[in-house]
Amino acid sequence: MPDITVKLPDGSEKQVPEGATVLDLANAIGPRLAQAALAGKVDGALVDIERVLSDGDVVEIVTDKSPEALDLLRHSSAHVMAEAIKALHPEATFGVGPSIEDGFYYDFKIDTQLTPADLAAIEERMAQIIAEERTFDRAELTKLEAHDLFEGDPFKQELIDELPEGEIISIYREGVFTDLCRGPHVPHTGRIGAFKLMKLAGAYWRGDSSRPMLQRIYGTAWFTQKDLDDHLERIEEAERRDHRKLGRELDLFSLHENAGAGLPLYHPKGARMLRIIQEWLRQELYRRGYDEVITPHVYKADVWKTSGHWDNYRENMYFFQIDEGGGHVNDYGIKPMNCPGHIMVFQNDLRSYRDLPMRLFEFGTVYRHELSGVMHGLMRARGFTQDDAHIFCMPDQVHDEVIAMLDLVDYVNGVFGFEYTAEVSTKPEKSIGSDEDWEHATDSLKSALEARGMEYEINEGDGAFYGPKIDIKLRDAIGRTWQTATIQVDFNNPERFDITYRTAENTEARPFMLHRTILGSMERFLGILIEHYAGAFPAWLAPVQAVVIPIADRHLEHCDSVRARLAATGLRVEVYADQEPMRVKIAKAQQQKVPYMLVVGDKEVEADVVSVRERTRGDIGQMGLDDFAKSVLEA
RNA sequence: GCCGACGUAGCUCAGCUGGUAGAGCAACGCACUCGUAAUGCGUAGGUCAGGGGUUCGAGUCCCCUCGUCGGCUCCA
């Protein structure tokens, strides 16, 4: 049999017999590679290990070390789960079952509603399938054949319909389950080292709330039990850091059933933290040429009609009627956004090009009637405060303004030690504004990112209808990402409110408007910080920076004096005066994650010093009050 | 809004197939006055989320509402 020649990733070439598969190639290279082989990559496309090679193919062997390996494993796991479901519920029809971050899911329709207890039975069945080391058998058919094969399965029919005419459609068969699937899969089910079904949920077919609701099972899968255990440990770590739990334990905020969903109440310590962050950011904004404004929380409906919210954002707004007397009744709306207020400030005077750019910021509390199912502690609430700003500028100023915003983003994230990435969203199908404006604005965003040497991804067509935007996603201490800052160009509002400025040529022109938040929602950002720091805030953020701990009652008076003198330097200090042993007070302070504990006993009173215990380092010895205050304030 | 689970003391939770509510921590009181992560004893604390229904009897079963949790969706 004649040989064919394939190229390997390192540039070398290998001769294999005609008809050889990826697995044959792996075997020819080495038995250990063949053992580890999961799939192949031919000319950049993932293929099954049984795929027959052609002369000239560039072939890479995919093993569990490859970046694609987990995706492959999880996709195969989804099929195994589907087979288990099909075996237990023969009437099941299936939607889609992709691999996702950390796992997989499959959507399906069966006659009964599953309960969490049913997951165990499915897991058991999956374990059997895995033990049997079943293969995923690929077959190729035409669209017509595929329609026949999946007769009676409306979901697969719909998916098949959407495939391009004439395309070869592949299916994978494994036990009782046959699926429309591009593939590839791992060589056999035995390669799934460890898996666990995580949760049961409802999901609309194709994410569309007007379509049927399917059942969805989420699972996770790994090559080894250890990897699974590590993953479960990470989930537990995230639970320990949950801001809702820590918010209660650290007495930062609460939620009350009677107050209404999504309306958190901030306790003294939580409020203090929000104000610390706010004041820090305010000073930074002043330094960067912003001016603060304060605008109303409610406007007459006319404002919302002008802005378009009345027509387009109504379901998300709180409206109410007021009897003004004399038979006049007015509609008012509580602001879901700050833009109209800032625009009215801009509009209040004739503006000249000399006034631009005009940077107005506000810590603006807004209310949005979010759907009842989406609330999540501080992360998703109905009332929250944006660190909002609107920049009114000329088109050729956009670039520099965006650079300045990115610089601010970088500074702010650096303070908290967040790494971050950027995404640019471009013109969607439905949009307003001229193509030139879109192009100019999008280019300005991109070039600003480039000028700062930042990498970015493009979300094609994902911009708002009124302009392109940059989204910033940051990565917290345990690797989770959060979308915070948004820099958004707005072609809509300048139009709607008909705002203009005088150019150098004494003509009227429409300013560009940039909308941006750096933290996003102050409260949500606090939630992110709680989870990022696991409640153990750096001293500058900590609501209580130090507690003074008397060893015995006779030291109380001196403790009060210590507290008063430290408070005079601006430190936030409490005395733990309860009649408990010192070690109990230390335990409580540690639990409250207070950065410093100042122990005062006979020796300290005598020398007018405190014994400093640092939260993480323990006892660091005696210090004078001035030195202590200085060390904290400088930290 | 939709699907599912859940809601018992301030917190964490127990309470079998219906028989009239319990623990630990916290709180309060008393004793202890203590040297770097939890002293002992005692007291008090619940319209079992709210409303309706079934039943001789409901924390437990059914319905509605509110809220929470996990998803979906939305995010001008």
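Letters A, B, ... are given to chains in the order of the sequence lines, protein chains preceding strands, and every chain is numbered from 1.
Across all strands shown, A:Ala203 has heavy atoms under 4.0 Å from sugar-phosphate atoms exclusively, and none from any base. Residue A:Arg380 is in base contact, counting any heavy-atom pair closer than 4.0 Å across all strands shown. Contact annotation for A:Gly308: base contact, defined as any heavy-atom pair under 4.0 Å involving a base atom. Nucleic acid contact for A:Met375: sugar-phosphate only, since backbone atoms but no base atoms lie under 4.0 Å from a heavy atom of the residue. Contact annotation for A:Thr115: no contact, since no heavy-atom pair falls under 4.0 Å across all strands.
The same atom, P, is picked in B:U60 and in B:G53; the two are 14 Å apart, to the nearest Å. Nucleotides B:G40 and B:G67 place their P atoms 42 Å apart, quoted to the nearest Å. On the C1' atoms, B:G7 is 29 Å away from B:U43, given to the nearest whole Å. When the P atom is used for both B:C16 and B:C34, the distance is 49 Å, rounded to whole Å. Nucleotides B:C6 and B:G59 are separated by 14 Å at their C1' atoms, to the nearest Å. Taking atom P in both B:U65 and B:C25, the straight-line distance is 41 Å, to the nearest Å. Annotation: B:U17 and B:A23 have their C1' atoms spaced 24 Å apart (nearest Å). Comparing the same atom, C1', in B:U54 and in B:A58 gives a spacing of 10 Å after rounding to whole Å.
In terms of phosphate contacts, A:Arg613 brings no side-chain nitrogen or oxygen within less than 4.0 Å of OP1 or OP2 of B:G35. Phosphate contact (OP1/OP2 of B:G4, side-chain N/O of A:Tyr218, threshold under 4.0 Å): absent. Between A:Arg244 and B:G70 there is a side-chain N or O to OP1 or OP2 distance below 4.0 Å. Between B:A49 and A:His256, no contact under 4.0 Å exists linking OP1 or OP2 to a side-chain N or O. Taking 4.0 angstrom as the limit, A:Ser209 places none of its side-chain polar atoms (N or O) nearer than this to OP1 or OP2 of B:C72.
Across A:Val398 and A:Ser444, no two heavy atoms sit closer than the pair CG1-CB, 3.5 Å.
Classification of the A:Tyr266-A:Phe253 ring pair by plane angle, with boundaries at 30° and 60°, yields tilted.
Comparing A:Tyr313 and A:Val600 by the nucleotide of RNA chain B that holds the closest heavy atom to each, the one mapping nearer the 5' end is A:Val600. Heavy-atom distances to RNA chain B give each of A:Asn492 and A:Met582 a nearest nucleotide, and the one nearer the 5′ end belongs to A:Met582.
Each of A:Phe195, A:Tyr106, A:Tyr105 was evaluated against A:Tyr218; a single residue qualifies, A:Tyr105, per the ring-ring contact (aromatic ring centres under 6.0 Å, His included) test. Of the options A:Lys269, A:Gln592, A:His267, a side chain to side chain donor-acceptor pair (under 3.5 Å) to A:Asp251 is made by A:His267 and by none of the others.
The aromatic ring centres of A:Tyr299 and A:Tyr332 sit 6.0 Å or more apart. Here A:His369 and A:Tyr318 bring their ring centres to under 6.0 angstrom of each other. Aromatic ring centroids of A:Trp310 and A:Phe319 lie under 6.0 Å apart. Residues A:His376 and A:His243 bring their aromatic ring centres within 6.0 Å. The distance between the ring centers of A:Trp438 and A:Phe491 falls below 6.0 angstrom.
Straight-line distance from the CE atom of A:Met597 to the C1' atom of B:A37: 9 Å, rounded to whole Å. Rounded to whole angstrom, the span from the CE atom of A:Met317 across to the P atom of B:C75 amounts to 16 Å. Rounded to an integer number of Å, the gap from CE of A:Met213 to P of B:G70 is 17 Å. Summarising the geometry, the separation between CD on A:Glu239 and P on B:G70 is reported as 9 Å, rounded to the nearest angstrom. The CD1-P distance, from A:Ile549 to B:U36, rounds to 12 Å in whole Å. A:Asn459 places its CG atom 15 Å from the C1' atom of B:C75, with the value rounded to the nearest Å. Straight-line distance from the CG atom of A:Leu214 to the P atom of B:U73: 11 Å, rounded to whole Å. Regarding A:Asn312, its CG atom lies at a distance of 14 Å from the C1' atom of B:C74, rounded to whole Å.
In this model, a side-chain donor or acceptor of A:Tyr204 finds a partner on the base of B:G1 within 3.5 Å. For B:G71, the base has no donor-acceptor partner in the side chain of A:Gln215 [N/O atoms by modelled type, under 3.5 angstrom].
No side-chain donor-acceptor contact under 3.5 Å links A:Gln386 to the backbone of A:Gly520.
Using modelled atom types and a 3.5 Å distance limit, the side chains of A:Glu429 and A:Ser431 yield no donor-acceptor pair.
In this structure, of B:C75, B:G70, B:U36, it is B:U36 that holds the atom nearest to the side chain of A:Ile586. Side chain of A:Asp602, nearest nucleotide from B:G70, B:G35, B:G1: B:G35. Looking at the side chain of A:Arg554, the nearest of the listed nucleotides B:G35, B:U33, B:C74 is B:U33. Side-chain atoms of A:Gln113 lie closest to B:C3 of the nucleotides B:G1, B:U36, B:C3. Checking B:C75, B:G35, B:G70 against the side-chain heavy atoms of A:Arg368 singles out B:C75 as nearest. Counting only heavy atoms from C-beta on, A:Arg248 has its side chain closest to B:U12 among B:G71, B:G35, B:U12. Closest approach to the A:Arg216 side chain among B:G71, B:U33, B:G1 is made by B:G71 (side chain taken as heavy atoms from C-beta onward).
Side-chain atoms of A:Val345 and A:Leu360, non-hydrogen and from C-beta on, do get closer than 4.5 Å to each other.
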What nitrogen or oxygen pairs link the protein and nucleotides 38-44 of chain B at under 3.5 Å?
{"from": "B:A38", "atom 1": "N6", "to": "A:Gln591", "atom 2": "OE1", "distance (Å)": "3.0"}
{"from": "B:A38", "atom 1": "N6", "to": "A:Gln591", "atom 2": "NE2", "distance (Å)": "2.1"}
{"from": "B:A38", "atom 1": "N1", "to": "A:Gln591", "atom 2": "OE1", "distance (Å)": "3.1"}
{"from": "B:U39", "atom 1": "OP2", "to": "A:Arg583", "atom 2": "NE", "distance (Å)": "3.0"}
{"from": "B:U39", "atom 1": "OP2", "to": "A:Arg583", "atom 2": "NH2", "distance (Å)": "3.0"}

Detail all sub-3.5 Å separations between protein N/O atoms and N/O atoms belonging to nucleotides 60-66 of chain B.
{"from": "B:C66", "atom 1": "O2", "to": "A:Glu257", "atom 2": "OE2", "distance (Å)": "2.9"}

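Residue pairs satisfying the salt bridge (Lys or Arg N to Asp or Glu O under 4.0 Å) criterion with at least one member in residues 103-126 of chain A, sequence neighbours excluded, are listed as follows: A:Asp107-A:Arg216. Residue pairs meeting the salt bridge (Lys or Arg N to Asp or Glu O under 4.0 Å) criterion with at least one member in residues 581-599 of chain A, sequence neighbours excluded, are A:Glu580-A:Lys588. Annotation: salt bridge (Lys or Arg N to Asp or Glu O under 4.0 Å) contacts involving residues 332-346 of chain A, sequence neighbours excluded, comprise A:Lys335-A:Glu362.
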Subject >> Structure string for RNA chain B in dot-bracket form, Watson-Crick and G-U at under 3.5 Å, | interchain >> reply: (((((((..((((.....[..)))).(((((.......))))).....(((((..]....))))))))))))....
